[in-house]
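Some notes on the structure that comes next.
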Amino acid sequence: MKTMMRQVRLNNGGWMPVVGLGTYSSENDRETTQQAVLMALKEGYRHFDTAKIYGSEPALGNALRNAIADGVIEREDIFVTSKLWGTDHHDPVSALKETLQNLGLEYVDLYLVHWPVKLKPGALNLLPSEEDFDELDLETTWFGMEKCLEMGLCRCIGVSNFSSKKIQQLVHFASVPPAVNQVEMHPMWRQRKLREVCQKHNVHISAYSPLGAPGSFWGSNAVLDHPILKSIALKHNATPAQVALAWGLAEGSSVIVKSFDQRRMKENIGALQLTLDDSDILKVQNIEEWKMMRGEVFVNETTSPYKTVQDLWDDEI
Ligand SMILES: NC(=O)c1ccc[n+]([C@@H]2O[C@H](COP(=O)([O-])OP(=O)(O)OC[C@H]3O[C@@H](n4cnc5c(N)ncnc54)[C@H](OP(=O)(O)O)[C@@H]3O)[C@@H](O)[C@H]2O)c1
């Protein structure tokens with residue numbers, strides 16, 4: 001029997017499935033991504049996370065459109081997130097139209113400002129160089145995001161990698177508040193302060209790299225190998241990955257987890273069946289913290305608004 005997907009209500013009144021499938025993979029192999037999405041649909045995933053910079057929009061869109069055409073799902077049953085890259089801050093409407101073309105869909109459910117970083121229009125590049133930076137103007141960027149919403153290109157708008165301070169600044173000038181802040185969050189980076197601020201402003205926290213991104217250039221096996229997670233897993237006859245995900249869910253966030261392997265996909269969605277008790281939560285609270293995605297690529301002393309990593313995260317690091 002497939003796990004029924006739990007959902008969370010966002011501040012725009014819409015619903016979002018609490019477990020999402022991440023589609024970033026450094027290989028970015030179209031066929032593999034497409035097969036993985038079809039597999040995920042079979043395993044009960046209904047929420048898919050992509051971004052223009054990942055290059056996974058065409059494969060994700062193909063798989064979803066095929067599944068819709070085959071009657072496996074209806075568009076209304078799935079939740080698709082994509083993100084605005086820095087080079088597109090000057091024109092979110094055109095960027096989202098391009099994303100929709102890549103996906104072959106009429107709208108995305110959620111469109112996020114990927115980073116609080118504005119880059120000069122140009123080639124998509126995960127590693128911008130000094131001359132690529134432009135002056136950050138979040139108010140104008142957010143106005144463009146609101147325009148996307150008004151035009152029906154997305155169902156809700158949000159941000160990603162925003163600190164408490166930036167969330168507070170944004171809600172101050174926004175006509176439409178962000179529905180979501182997608183940030184790194186796992187048992188070794190718990191985001192306590194950010195979660196308090198977001199809760200106060202009714203902004204849902206969605207956790208990326210919820211397993212600590214093992215195998216990626218910024219991540220580590222530290223979360224899955226942590227002795228405390230292993231001991232909690234043993235107690236519940238679960239796996240450390242399930243404990244990490246169940247922890248995020250118990251803390252009220254959604255989790256965006258990437259696996260293109262059917263066994264691990266099944267394992268990950270199985271976290272919905274795992275309930276941690278108070279003593280487990282307390283143990284996790286005492287784990288040493290480690291932020292893995294530090295965003296050094298967006299820091300430089302000359303052209304970036306962020307001279308240090310501390311500036312980028314407003315000292316929440
Ligand atoms: N907004 C942002 O700036 C941002 C940043 C980073 C990520 N994201 C999004 O969040 C998604 C997930 O984050 P992530 O990919 O960084 O990290 P993650 O989901 O924490 O970890 C993914 C890695 O863990 C492996 N894995 C998955 N399930 C496992 C399990 N049960 N046991 C052991 N290993 C397992 C995967 O390999 P296999 O595929 O081989 O299973 C993959 O190498 C991304 O794909 C992306 O969509 C957003």
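Order of listing sets the numbers, starting from 1, for every ligand and every atom in it. A quick note: this is a predicted structure, and the numbers were derived from the prediction, not measured. Positions are given from 1 along the sequence.
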Please state which part of [X] comes within less than 4.0 Å of ligand 1, counting heavy atoms only: side chain, backbone, both or neither.
{"X": "Asn268", "answer": "side chain"}
{"X": "Ser209", "answer": "both"}
{"X": "Thr50", "answer": "neither"}
{"X": "Pro210", "answer": "both"}
{"X": "Lys258", "answer": "both"}
{"X": "Val183", "answer": "neither"}

For Val108 against Ser82, the heavy-atom pair lying closest together: CG1-CB, 4.5 Å
Do any N/O atoms on [X] end up under 3.5 angstrom from N/O atoms on ligand 1?
{"X": "Phe260", "answer": "yes"}
{"X": "Lys83", "answer": "no"}
{"X": "Asp261", "answer": "no"}
{"X": "Ala241", "answer": "no"}

Lys307 and Glu301 ion-paired at < 4.0 Å: no
Audit row: Asp261, Ser259, side-chain hydrogen bond (donor to acceptor under 3.5 Å, both in side chains) steps and yes/no: CA-CA 5 Å; Asp261 171 86; Ser259 180; 4.9 Å; no
Identity and separation of the nearest protein heavy atom to atom 23 (C) of ligand 1: Pro214 O, 3.4 Å
Is it true that [X] and [Y] have ring centroids separated by less than 6.0 Å?
{"X": "Trp218", "Y": "Trp290", "answer": "no"}
{"X": "Phe298", "Y": "Tyr306", "answer": "no"}
{"X": "His114", "Y": "Phe162", "answer": "no"}

Geometric cation-pi criterion, Arg46 with Phe79: 6.0 Å, 45°: no
Subset of ligand 1 atoms that lie under 4.0 Å from at least one heavy atom of Gly22: 11 (C), 44 (C), 45 (O), 47 (O)
